[in-house]
Each structure stands twice: as structure tokens, then as C-alpha cells.
Amino acid sequence: MGEITVEASWLAGHIGERSARGIAAALTDLIRRGDIAEGSRLPTVRGLAAELEVSPATVAEAWSTLRRHRVVSAQRRRGTVVIGPPSVPRPARYERIGEFGSRLAVDLAIAAPDPALLPRLDDALAAAACTERLNDYARETITERLREAVEPTWPFPAERRLVVGGGYEGMQLVCQTLALPGDRIAVEDPTGARLLDIVEALGAEVVPVACDRDGPIPSSLARALRTNPAAFVYQPRGHTPCGHALTPARAAELAALLAPAGTLAVEDDGIGEVSAAPAVSIGEHLPGRTVLVRSYSKSHGPDLRVAVIGGAGETVEKVRVLRSYGTGWTSRILQDALAWLLTDAQTRRTVAHARETYARRRETLAAALAEREVPTANRDGLMLWVPVAEESAALVTLAAHGVAAGPGSRYQVTATGPHLRIATSRLPEDPDRVAELAELIALAAAPPSLH
């Protein structure tokens, strides 16, 4: 069967309101009803505009709306092609590929906190349940207790603060307030897979910024800034997946580049207090042009679902307004439970122990891999960025032994060589077992002919 092409005259006859909104709505209805099949090629912008007697810009705007909602796709040779009815975009990089079932013996794909290293929540929740405004419908963006608890460790004076339901919700909301479809966002390369999914789902263009062991490279950021991005998003420490941390000197260099630009610095502090590196921020130099999103999931517990956004007042206020369409505010019980944990001496010792344990586990596996001539350079974080000869072959080798790992391609904007992301946060304490895993990873990293 040949390709179906929708004739401009036929389509024009099924469009009533001839605005961009009306054209998009009419076409969506035709696709939902099955009158236009998936895979059909739509008429050209000029062809449909002539039939409707409207400007090509009106049709182009309708096509743009449909692309944003994943109804149509612009393909170079085929033109504009129908994908299907409107749907929610899937976070393809983040979602796990493949199903191991009972064969999964070791999961090195998810860099989740070790439950045994998290603080107990019972006393914190009991204390928080006594909050003065329990069950009050007033929207409290951040409780006074939590504000006082986070302020001493915030790396720069924040004009406003807001609590959200986790670090990635914070990043999604901040990016959503800053970028419209077609805007550009400068992002470290490589970076977190979920962050790339978020930016792409917004319809924004990713502008990659290369990194080294001290953070984003100034010359690469300078090139990115020439595209006038709405935001520059980066991880100041515990970088996923490369494990670098921003130095004070590098922060000053980056701030000098951002100062004359209109670009906002957005900092994603994903592992927070279990990072082995101190909190260094561009906000120390540009407090009114920086927003920091700090998650407490990996340090104090994923079920708290708490991250704090603090920094540039206008942006934080926009996030508050956007969030008011949904949950509106985060539970005061959860906020004050975190405040209790942040100020509790025993909890601080527990978090310090977790920080040391995560660093030791990462360094132990890195040393074992180095002995087997597999280099890694992670200095911080809950993972290792492991170079391999061929990504797919390495994943298959590990899977054959019941071991899951993260495909490096999910974290890259620009392909710079095949890698695996190996989570280290839940590695066994038994050195013999770590040595076995290192041997297996080294085997997977080698060229397929040596497997």
C-alpha cells in the first residue's frame, strides 16, 4: 500500500474556523475519528493556506501546535506526517528498557539511596504532626521551620523559596516557566536523562555545554550563550553521570560570562547533603539571576518528596503560580518533618555516615576497575561513568549475567564515545563481591571479540 497524502482541497472543506487554533482543532478531530490515518502526509503549508485563503503563517502556527502535542511530525523528505491522536510524551530516556524478571541479580542501573543509610522518619513525622497549622487550607509555600533549617546551608542569599515534590518536579516547573516551545536551553553534556526528557517534552531545543572535572567549560558556555538560551541548567555537584563538582574558580568564570547575558542559571543539586563536595554556586556572584533546586530525597528519604527551590524571586514566584493549578503546596507535615531532620544531631551523624559510605563504595569499585585497566574519573556522586568499546554489546554481556546498567547514550546530547552508567550507591560491602562485579564490568567494557 502506498503512502496516503491528504489533499489540500479535501482538508480545507473540513475546516470551519480558519484561525490557527481552529485549523489545529479541526485536524485533531479528523485524526481522532480516523478520517485521517496515522502515517498520512499532510498538504504543504502554502497549499492549504491557498485553499483556506489565509496566510501561510496561520497554517504554520497550527502545524507548530500539532507538533508540540505530538500529533504530527516534520520529516525532511516526507513533509509533515500524522503521528496519531494527541498523547502524553513518554520520558523515553528515563524509562527502563527491557525486563529482566527473575534473572536480575544486581541492579546497577538505578542510583537510588540505600534504605539502610537513610535516617528514621518516625520521630520526625510525629513532631511534624503537631504543626500549628495542620490541615489548614492556606497555601504555605515553605514553612517557617523549614525556611530556618535550610537557610544556613544555602550557598547564596535567596530572594524567595518554595517547596516542591522532589528535585525533578522542581526542575520541570522551573524550565516550564522559563521556556516556550522553540526556545533554547543550554544544558551540560552529558547530563541527567530525565532532564533531557523534560526539556524535549517542553518543545525546547537543547544547546549542549561540554564539561570537565571542574564543571561546565567556560568556552563551551560562551558558544552556547551566543544562541540566547532562556536558561543554563547544570549540576553544581554530584554530577550525573560524570561525578564532577563545580570549583569556586570555575563558578566565578561562568558567572562572568552570564553577567551580561539575559540567561538564568538553574542549578540542579540532585544529591544534596550526601555529596562529598561543598555547595558552590554561581548564585554567590549572581544571586538575582540564579535559581537552585535542592533535593533531599537521596539524603533524607525519597518518601518525603521534598525539594526546595530558592533564588531569583521572579522565577520562584512564577513556579508558585504554575503549581497553584495543581497541588498548590507541599504537606506541612512533610516540610516540618524534613526541618526536624535537618536540625537533629543524630540525623546529621546518619547523613554524614551515608556520605562517607557512598564515597567509599564508589571509590572501591573505581579502584577495582582501574586495576583491570578500565578508567573512571568520578570524584563525587552515586555512580561511575565507564567507557566501553560498544554500548549494546556491553549491556548484553551484563544482562547475560543478570546485571543491569544504564546505557550512556541516554545521558548524552552529542555522542562522545560509548559509556555505561554504573550505579554505586547500593554496592555490596563484601570486597570479593565488588571484585567479581569489577571483573564482569571490565569484560563488558572490552571489544565484543574479547567477550
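Since the structure is predicted, the reported quantities are computational estimates derived from the model, not experimental observations.
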Output a table of donor-acceptor pairs, distance under 3.5 Å, between side-chain atoms of residues 176-192 and any protein atom two or more places apart or on a different chain; print 'none' if there are none.
{"from": "T177", "atom 1": "OG1", "to": "V174", "atom 2": "O", "distance (Å)": "2.7"}
{"from": "D183", "atom 1": "OD2", "to": "L180", "atom 2": "N", "distance (Å)": "2.8"}
{"from": "R184", "atom 1": "NE", "to": "T227", "atom 2": "O", "distance (Å)": "2.6"}
{"from": "R184", "atom 1": "NH2", "to": "T227", "atom 2": "O", "distance (Å)": "3.1"}
{"from": "E188", "atom 1": "OE1", "to": "Q235", "atom 2": "N", "distance (Å)": "2.8"}
{"from": "E188", "atom 1": "OE2", "to": "H244", "atom 2": "NE2", "distance (Å)": "3.3"}
{"from": "D189", "atom 1": "OD1", "to": "V413", "atom 2": "N", "distance (Å)": "2.7"}
{"from": "D189", "atom 1": "OD2", "to": "T414", "atom 2": "N", "distance (Å)": "2.9"}
{"from": "D189", "atom 1": "OD2", "to": "T414", "atom 2": "OG1", "distance (Å)": "3.3"}
{"from": "T191", "atom 1": "OG1", "to": "Q235", "atom 2": "NE2", "distance (Å)": "3.3"}

Q. What distance do L117 atom CG and T350 atom OG1 have between them, rounded to the nearest 0.5 Å?
A. 9.5 Å
Q) Just by modelled atom types, is the A277 backbone N or O under 3.5 Å from a matching donor or acceptor in the S275 side chain? A) yes
Q. Got a donor-acceptor contact below 3.5 angstrom from the R362 side chain to the G243 backbone?
A. no
Q) Would V316 and R161 count as a side chain to side chain contact (heavy atoms under 4.5 Å, CB included) if you check the C-alpha gap in whole Å, the side-chain angles of each, and the deciding distance to 0.1 Å? A) CA-CA 7 Å; V316 177; R161 287 191 178 88; 5.9 Å; no
Q) Is atom CD of Q346 surrounded by more than 12 heavy atoms (other residues, nucleotides or ligands) closer than 6.0 Å? A) yes
**Q.** Which atom of P157 lies closest to which atom of P287, heavy atoms considered
**A.** O-CB, 3.9 Å
(Q) Can you confirm whether V274 sits close enough to I271 that some side-chain heavy atom of one is under 4.5 Å from a side-chain heavy atom of the other? (A) yes
Acceptor/donor pairs from residues 302-309 side chains to any protein atom, 3.5 angstrom cut, sequence neighbours excluded:
{"from": "R305", "atom 1": "NH1", "to": "P302", "atom 2": "O", "distance (Å)": "3.1"}
{"from": "R305", "atom 1": "NH2", "to": "G165", "atom 2": "O", "distance (Å)": "3.3"}

**Q.** ring-ring contact (aromatic ring centres under 6.0 Å, His included) partners of residues 416-446, not counting sequence neighbours, each pair once
**A.** W385-H419
Indicate every side-chain donor-acceptor pair of residues 144-152 with a distance under 3.5 Å to a residue at least two apart or in another chain.
{"from": "R145", "atom 1": "NH2", "to": "E132", "atom 2": "OE2", "distance (Å)": "3.4"}

Q: Work out which heavy atom in A193 is nearest to a heavy atom in Y411; give both atom names and the distance.
A: N-CD2, 3.6 Å
Q: Taking salt bridge (Lys or Arg N to Asp or Glu O under 4.0 Å) as the test, write out the residues that go with E200, two or more places apart.
A: R93
Q: Measure from the side-chain N and O atoms of R289 to the backbone N and O of A312, and report whether any donor-acceptor pair falls under 3.5 Å.
A: no
Q: Apply side chain to side chain contact (heavy atoms under 4.5 Å, CB included) to the pair H300 and L342, showing each step before the final yes or no.
A: CA-CA 9 Å; H300 292 80; L342 290 172; 3.6 Å; yes
Q. Just by modelled atom types, is the A368 backbone N or O under 3.5 Å from a matching donor or acceptor in the R372 side chain?
A. yes
**Q.** Nearest-0.5 Å distance, CG of residue L420 to OG1 of residue T397
**A.** 9.5 Å
Q | Side-chain (R421) to main-chain (A109) donor-acceptor, under 3.5 angstrom | A | yes
**Q.** Value rounded to 0.5 Å, distance of CG in D432 from CG in L437
**A.** 11.5 Å
Q. Less than 4.5 Å apart, any side-chain heavy atom of T143 and any of E140?
A. yes
(Q) Please tell me whether D114 and S425 have a donor and an acceptor in their side chains that are separated by less than 3.5 angstrom. (A) no
(Q) Test your reading of the model: is there a side-chain donor-acceptor pair from Q172 to the backbone of V199, 3.5 Å cut-off? (A) no
Q) Would you say I198 and Y168 make side-chain contact, with heavy atoms under 4.5 Å? A) yes
Q. Does R360 pair with E356 as a salt bridge, N-O distance under 4.0 Å?
A. no
Q. Which pairs count as salt bridge (Lys or Arg N to Asp or Glu O under 4.0 Å) when at least one residue sits in residues 380-398, sequence neighbours excluded?
A. none
Q) What are the two closest heavy atoms between P155 and A279, and how far apart are they? A) CB-O, 3.9 Å
Q: Report yes if some heavy atom in the side chain of L292 is under 4.5 Å from a heavy atom in the side chain of F156; otherwise report no.
A: yes
Q.
Can you confirm whether V280 sits close enough to T247 that some side-chain heavy atom of one is under 4.5 Å from a side-chain heavy atom of the other?
A. no
Q.
One thing to verify: whether D136 and R133 come together as a salt bridge, which I'm taking to mean a side-chain N less than 4.0 angstrom from a carboxylate O.
A. yes
Q) Knowing that exactly one of T263, L264, T290 qualifies, which makes a side-chain contact (heavy atoms from CB on, under 4.5 Å) with L258? A) T263
(Q) Working to the nearest 0.5 angstrom, can you tell me the gap between L254 CG and L221 CG? (A) 6.0 Å
(Q) Once salt bridge (Lys or Arg N to Asp or Glu O under 4.0 Å) is applied, do any residues pair with D122, and if so which ones, sequence neighbours excluded? (A) R120
Q: Would you check if I441 and L369 make a side-chain contact, meaning some heavy-atom pair closer than 4.5 Å?
A: yes
Q. Closest heavy-atom contact between L125 and A337?
A. CD2-CB, 3.9 Å
Q: Start with the C-alpha gap between E169 and R323, add the side-chain angles, then the distance that decides, and say whether side chain to side chain contact (heavy atoms under 4.5 Å, CB included) holds.
A: CA-CA 10 Å; E169 182 184 67; R323 200 165 185 248; 3.5 Å; yes
(Q) Counting C-beta onward and ignoring hydrogens, is there a side-chain heavy-atom pair between L443 and E439 closer than 4.5 Å? (A) no
Q | Residue pair I23 / W63, side-chain heavy-atom distance below 4.5 Å | A | yes
Q.
If the condition is side chain to side chain donor-acceptor pair (under 3.5 Å), which residues does T240 pass it with, not counting sequence neighbours?
A. none
(Q) Looking at W340, is its backbone amide N or carbonyl O close enough to the side chain of T343 to form a donor-acceptor pair, meaning the two atoms are under 3.5 Å apart? (A) yes
Q. Who pairs with E205 by salt bridge (Lys or Arg N to Asp or Glu O under 4.0 Å), at least two apart in sequence or on another chain?
A. none
Q | Geometric cation-pi criterion, R320 with W329: 6.0 Å, 45° | A | no
Q: List the atom of V209, the atom of P216, and the distance in Å for their closest heavy-atom pair.
A: CG1-CB, 4.1 Å
Q.
Evaluate R332 against Q335 for side-chain hydrogen bond (donor to acceptor under 3.5 Å, both in side chains), listing each step before the verdict.
A. CA-CA 5 Å; R332 279 178 283 270; Q335 291 193 54; over 6 Å; no
**Q.** Closest non-hydrogen atom pair between P241 and M383, with its separation
**A.** CA-SD, 3.5 Å
Q: Sequence neighbours left out, what pairs pass side chain to side chain donor-acceptor pair (under 3.5 Å) with at least one residue falling in residues 206-215?
A: D212-R250
Q) Can you list every ring-ring contact (aromatic ring centres under 6.0 Å, His included) pair that touches residues 188-212, not counting sequence neighbours? A) none
Q: Please check if the side chain of D336 supplies one atom and the backbone of A339 the other of a donor-acceptor pair under 3.5 Å.
A: no
Q.
Under the side chain to side chain donor-acceptor pair (under 3.5 Å) definition, can you give me all pairs with a residue in residues 265-274, not counting sequence neighbours?
A. Y234-E267, R237-D269, E267-S281, D269-R294
Q: Take L66 and T28, measure what side chain to side chain contact (heavy atoms under 4.5 Å, CB included) needs, and give me the verdict at the end.
A: CA-CA 8 Å; L66 294 169; T28 299; 3.4 Å; yes
Q | Donor + acceptor pair across side chains of T65, E61 (<3.5 Å) | A | no
